[in-house]
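Contents: one structure, followed by commentary.
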Amino acid sequence: MSQVRVLNPLGVVPGAEDSAVTAVAGLAGKRVVLLENGKQNARELLTGVAERLQQRHPGLAFDVRRKQSASLPADPALLVEITKEADVVLTGSGD
Amino acid sequence: MTAAARWRAEDAWESLPHDPAELFAAVEEHGWGDGLPVVPPTGERVQACLDTIAADPDEVVGVMPVAGAEVTPAKVAANAVLAGCPAAAFPVVLTAIMAMLRPEFNLTGLQATTHPVAPLVVVHGPIARELGMNWSSGAFGPGNVANATIGRAVRLCCMNLGHARPGRGDRATQGQPSKYSYCVAENAEDSPWEPYHVTQGLAADTSAVTVYGAENPHNVNDHVNDDAKGLLGTVALTLANAGCNNVHYTQGEMFVVLGPEHAGSVAASGFTREDVQLWLYDHARLPLRDLRDRNMWTGRQWPAWMNADADDEPDRRMPVVRAPHALRVLVVGGPGKHSCVIPGFGETHSLTEPLVARS
């Protein structure tokens with residue numbers, strides 16, 4: 001079968017091979033930030049998940065933060081703040 | 001290896017079947033396509049695109065969300081060829097992509113949202129004529145090679161460089177047909193006002209590209225009115241749309257794309273472009289009672305004065321944008337009594353950029 005050489009059109013993501021996140025070793029005493037995006041039901045969804053986690057892991061501490069807009073990336077300063085404070089971040093929307 | 005040769009490196013290339021039908025199937029299998037047949041991005045074709053610009057083919061001009069992949073002229077050229085884009089149109093594609101990477105365009109939001117938004121590319125100035133673009137009858141499509149393939153190239157870049165594919169990265173609930181291709185040229189020769197890019201600070205004889213995060217065009221049919229207030233009244237009613245993002249993200253823009261006959265009638269009433277913007281700002285409004293508890297009400301991004309009135313004035317008529325200049329007016333199309341309005345994503349700002357330097 002005759003072949004043609006073509007330039008791969010996919011973008012290359014720098015560091016994609018080593019970007020896996022290390023899993024948290026146990027949840028005992030961990031601090032969890034709920035990052036709400038401002039959409040309808042986002043807070044309800046996240047607090048519902050938090051309540052269930054709290055039942056399973058009573059030692060967890062929770063804090064809620066909110067993005068300025070559902071349609072924009074989170075403010076980098078907010079992400080730095082959360083990185084300092086949280087062991088685990090939960091985010092999602094309840095569309 | 002020199003930096004200029006990076007795109008020629010062996011691991012950047014693949015072998016695909018030469019037969020058109022088998023090639024099409026292989027491209028889809030690789031996850032490079034948009035569901036339509038493609039042109040293979042051979043070295044000769046990619047080089048022809050790169051020969052039209054002055055930039056280094058391997059220069060990283062930005063990273064594209066959602067994946068964060070590096071964007072280089074060579075990778076954009078591969079997608080332009082895939083789309084069937086003539087080499088001469090490549091500077092338009094590259095200009096559009098570079099504008100879309102600017103933070104104020106919020107490409108992250110556009111790529112990932114459940115909203116159907118697509119980047120609309122509007123081409124201005126001499127390059128539109130050079131490329132034989134359509135700014136007259138049926139300009140939004142179909143049938144013109146440059147219009148169709150420039151828009152398709154931009155979409156393929158979003159999918160292949162940004163890795164935003166339906167259901168994976170691109171979370172659009174329904175999408176929209178303009179996510180295949182969305183490019184048009186401005187009809188400056190039949191416009192009663194100065195070319196749009198002049199309003200954005202560029203010279204009339206400069207070739208330029210506007211990018212705008214947009215919904216599909218919403219038609220404005222008016223065969224009855226032949227004066228500014230009558231015609232713009234119909235436009236205002238089409239702009240005042242409780243289901244579009246703009247009504248709660250009023251920091252964005254809405255485009256008012258007048259057909260030349262409508263534009264001529266409006267101008268014959270003595271209206272300048274600024275008059276059109278002011279009149280529509282005053283009249284394209286919705287009562288608060290129609291905005292409350294709909295759409296993105298709980299996440300609305302309104303200025304303080306709008307929120308203050310929201311407490312106790314259900315009859316207060318709210319604007320769809322924060323200021324008249326956010327209603328962007330230009331002329332596209334041929335004979336007939338149709339215009340359109342194009343709502344936006346809301347959390348995005350259109351950009352008009354001069355064409356990248358050509359070789």
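Every chain is numbered from 1 and lettered A, B, ... according to where its sequence line falls, protein lines coming before strand lines.
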Which atom pair, heavy atoms only, marks the closest approach of [X] to [Y]?
{"X": "B:W7", "Y": "A:L7", "value": "O-CD1, 3.6 Å"}
{"X": "B:T114", "Y": "A:K39", "value": "OG1-NZ, 3.4 Å"}
{"X": "A:V4", "Y": "B:P40", "value": "CG1-CB, 4.4 Å"}
{"X": "A:L10", "Y": "B:K75", "value": "O-NZ, 2.8 Å"}
{"X": "A:R66", "Y": "B:T298", "value": "NH2-O, 3.5 Å"}
{"X": "B:G68", "Y": "A:V13", "value": "O-CG1, 4.0 Å"}

- Task: Under the salt bridge (charged side-chain N to carboxylate O under 4.0 Å, His left out) rule, collect the residues that match up with B:R294, sequence neighbours excluded.
- Result: none
Between [X] and chain A, with a heavy-atom cut-off of 4.5 Å, which part of the residue counts as in contact: side chain, backbone, both or neither?
{"X": "B:E10", "value": "both"}
{"X": "B:L23", "value": "side chain"}
{"X": "B:T113", "value": "neither"}
{"X": "B:L16", "value": "both"}

- Can you check whether B:E14 reaches A:Q3 side chain to side chain, under 4.5 Å on heavy atoms? no
- Item | Partner chain A: residue of B:A67, B:G31, B:P41 with the largest heavy-atom pair count (under 4.5 Å) | B:P41
- Message: Let me confirm one number: the CG-CG distance from B:N160 to A:N8, rounded to the nearest 0.5 Å.
- Response: 8.0 Å
- Roughly how far, to the nearest 0.5 Å, is CD of B:E22 from OG of A:S2? 9.5 Å
Atom [atom1] of residue position [X] - does it have more than 12 heavy atoms of other residues, nucleotides or ligands inside 6.0 Å?
{"X": "A:H57", "atom1": "NE2", "value": "yes"}
{"X": "B:Y180", "atom1": "OH", "value": "no"}
{"X": "B:R168", "atom1": "CZ", "value": "no"}
{"X": "B:E104", "atom1": "CD", "value": "yes"}

- Task: Using atom types as modelled and distance alone, determine if a side-chain donor or acceptor of B:Q301 lies under 3.5 Å from a backbone N or O of A:Q68.
- Result: yes
- Query: When A:P9 is tested against each of B:N79, B:L161, B:V81 for side-chain contact (heavy atoms from CB on, under 4.5 Å), which residue passes?
  - Reply: B:N79
